[in-house]
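Here the structure is a predicted model, which is why all the values come from computation and not from measurement. Per chain, numbering begins at 1; letters A, B, ... match sequence-line order.
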2 protein chains.
Amino acid sequence: MEEPRKRARPGRVPAPAGRTSRPRQAEVARLAGVSQATVSLVLGARKQGATISEETRRKVLDAVRALGYVPDPAASRLAAARNNLLGVFSFTSTFPTDVQHSYYPFLVGVEQEAAARGYDLVLFTGSSTGGAGAAGPNALARVRLADGCLFLGRHAPAEELRRLVADGFPVVHLGRRDELEGLAWVGADYISASQEVVAHLAALGHRRIVLVREDDDAPASTDREHGFLKGLEEAGLPGGPAAVFRSADPERELTAERLRGWLDEGVTAFVAEETDTGDAWRALHGAAHFVGIDCPRDASLALLGSPPPDLAEEPVPTGFDIPRPRLGAAAVRMLAALVSGEEAAEPLVACTFRPGSTAGPAPARY
Amino acid sequence: MEEPRKRARPGRVPAPAGRTSRPRQAEVARLAGVSQATVSLVLGARKQGATISEETRRKVLDAVRALGYVPDPAASRLAAARNNLLGVFSFTSTFPTDVQHSYYPFLVGVEQEAAARGYDLVLFTGSSTGGAGAAGPNALARVRLADGCLFLGRHAPAEELRRLVADGFPVVHLGRRDELEGLAWVGADYISASQEVVAHLAALGHRRIVLVREDDDAPASTDREHGFLKGLEEAGLPGGPAAVFRSADPERELTAERLRGWLDEGVTAFVAEETDTGDAWRALHGAAHFVGIDCPRDASLALLGSPPPDLAEEPVPTGFDIPRPRLGAAAVRMLAALVSGEEAAEPLVACTFRPGSTAGPAPARY
DNA sequence: GCGTATTACTAATGCGCATTAGTGAGTCAC
DNA sequence: GTGACTCACTAATGCGCATTAGTAATACGC
């Protein structure tokens, strides 16, 4: 009769004495005179199977109230269930000192939509400040606490994201991100919006239009150019490289002479892309002012996006607005879809045309 | 030989086939030819006990890299360890549409300090928007995901907080909160700051000073009044109820007549408290302007806090600045202390005096 | 009255990790 | 060479919950 060798009981040490530990399902069960499993069944919105009598349910719920039981989200998550938490991760500081550069407008929509769908939100700081597991390849590990995660910012490391995607972790990137196979994203439809702006200018009689853009290959930039050229084509206007002025430093390179040159060539409308810095618009705006253009009488200006805050007071530029809160909301919708295994939702969010006051009829040229 | 009745194996169903599951410590262990426990020991910053040979450590770390292992935060947390997550919970919407009323400035400091201390941040939205478990008594349940939690906003429900505190869960409230026994908090030292402003005015020769405040019993308001009166007393100036004008609607009640009355009585300096709306300062500022006071020649104004954003352009008011980012940082320090079981840190953060240009020497009166 | 359903519940199990008692090998002293 | 020790590691355990096979009790059918 060889009993298996008895070993002592390792494992966790009992909870620190001083701390009144909050109740577990086990305590609730004891008070209600049922099993822990029954408590779980009563509390969980069980899809099928087990049926619980009204009587038992009541007893359990009474016990829950009496003890003030609240479930442990970590345990819920571990037990392979979901915990109704959606993560949000931004790689630059989530809360930069300068509000203008933040994702704040997006977060407004994200929060609302998440709340509306019954999700709680968990924000992970990218620790641009250099803390925590920021640097290491584990930077993204903690997002797995949530059921899925939304990523903000261009700097999301591809390798890490790929990893999450490969593991089947629901991930949505805010902003187009095509190069990463299988990565879901939500973005603004810059192409259509830019095209619409050009159409507007064409309808006003402008026959030669120039786009001022920075030297950047972000999708947001190329999309705008794409839409711009598409708009020209659609209107039967001359496109090609001559219609696009690309500069790494527009404020320096977009000189008065250059502007006058364009005007002399018959260009009557100018379009700038919106960027982080707003440099393209600032340069265009500045040069036009310097040259003494009476806008929109002498020439029309348009901005493919919203003006930088410091130029917000000026006459409202014709162009379009990026519905940031709605983008955030759309991203949450898609993430929710992924989490619940549904088919992905619409990734493109339409921008809204902004009439503004910087575009008018093309001046009659002699 | 009665074998215990064989029962089928319940428990979790195997992971969905399609999803390439990420590696566990067990896989790492297998690859490295060691036990799971060893992996845990190598990865964990073990405090004491087990020693691991350099050889084994290397093997394990190699395997970790090879498989790209990342720990599951939920499991870490469940296994009674800490997960280096600090929660931040705000009861009003964390991201209100209006940036000005948000906790943004605090969050800047919170994020930085947390990162600096090697903590990750988890933000919980209070779902003021009405989603999730906002209403129920479980609103705070999810904060237990983290090692401790920081609470923003006056509306943190006392019952819930008391509960967390009683359970020994590390909690810090941003903003004074004395009525809740045992609740740790961090706040700005309005008393000293207000006192300093009065001292400054007194030093400029002002003998009669009036405080304009709203009708609110928040600690932030009473502290300012307290400091104001203390400052008067210290300077040997007349205090008492006459020195404080308390109004639920200062913009309506702080009339030009009233202001003129004060001036006639020999009041030469006015102090307004800062509130959410900035109404006190707006009313004071407006009335002074209306009456045609040349500030600071005819009379001095001071603001116990920062001006509302729409009045930021005006001459900078003399007063003090609430170092919101530093407050956030201090709150994180205190929370970190609680989490690690240290003694609580300093709860009061000093405000910084702002000379401004609305206070000058008292006018000579005949 | 005996198989078959149905109902209402419980036992057992594992999620992934941290923890600790225990084990076996090696070292040293006398 | 034997006890006392150290070193390096592993086995076993549980954190709190969700899940599911199993079971006892009763109802039903013929």
- Message: Could you check whether the side chain of B:Glu55 and the base of D:dA8 have a donor-acceptor pair of N or O atoms closer than 3.5 Å, going by distance alone?
- Response: no

- Give A:Val39 one of three labels, base, sugar-phosphate or nothing, depending on what nucleic acid heavy atoms sit under 4.0 Å from its own. nothing

- Query: Expressed in angstrom and rounded to an integer, what is the separation of B:Gln36 atom CD from D:dT10 atom C1'?
  - Reply: 10 Å

- Item | Candidate nucleotides C:dT20, D:dA18, D:dC7, ranked by approach to the side chain of B:Leu41 - the nearest | C:dT20

- Note on the structure: The answer to which of B:Ala37 and A:Ser40 contacts DNA chain D further toward the 5' end, by nearest nucleotide, is B:Ala37

- Message: To the nearest 10°, give me the bend of the helix from C:dG1-D:dC30 to C:dC30-D:dG1, comparing the axes of its five terminal pairs at either end.
- Response: 50°

- Message: Between P on C:dT19 and CZ on B:Arg77, what's the gap in Å once rounded to a whole number?
- Response: 13 Å

- Task: Please state how far atom CD in B:Gln25 lies from atom P in D:dA11, giving the value in whole angstrom units.
- Result: 15 Å

- Any idea which of D:dC7, C:dG16, C:dA8 is nearest the A:Thr51 side chain? C:dA8

- Item | Salt bridge present between B:Glu179 and B:Arg177 (N-O < 4.0 angstrom) | yes

- Message: From CG of B:Asp72 over to C1' of D:dC15, roughly how many Å is that when rounded to an integer?
- Response: 13 Å

- Message: Between B:Arg65 and B:Asp62 (salt bridge meaning N to carboxylate O under 4.0 Å), is one present in this structure?
- Response: yes

- Protein-nucleotide distance (B:Leu78, atom CG; C:dG14, atom P), rounded to Å: 16 Å

- Which nucleotide, C:dG16, D:dT10, C:dA8, lies nearest any side-chain atom of B:Ser35? D:dT10

- Task: From the options C:dA8, D:dT10, D:dG16, select the nucleotide whose nearest atom is closest to the side chain of B:Thr38.
- Result: D:dT10

- For B:Tyr69 and C:dC17, what is the distance between atoms OH and C1' respectively, to the nearest whole Å? 7 Å

- Does A:Glu54 get its side chain close enough to the base of C:dA8, under 3.5 Å, for a donor-acceptor pair? no

- Electrostatic pair B:Arg117:B:Glu113 at N-O distance under 4.0 angstrom: yes

- Taking CZ from B:Arg58 and P from D:dA8, how many angstroms apart are they, rounded to a whole number? 15 Å

- Among C:dT10, D:dA18, C:dA8, which is the nearest nucleotide to the side chain of A:Val34? C:dT10

- Message: Closer than 3.5 angstrom, by distance alone: can the side chain of B:Asp72 be matched with the main-chain N or O of B:Ala74 as a donor-acceptor pair?
- Response: yes

- Rounded to the Å, how far apart are A:Arg30 CZ and D:dG16 C1'? 13 Å

- Task: Using a strict 4.0 Å threshold on nitrogen-to-oxygen distance, state whether A:Arg24 and A:Glu27 make a salt bridge.
- Result: no

- Distance in Å, A:Lys59 NZ paired with A:Ser53 OG, rounded so as to fall on 0.5 Å steps: 7.0 Å

- Item | Nearest-0.5 Å distance, CG of residue A:Leu150 to CG of residue A:Leu335 | 6.0 Å

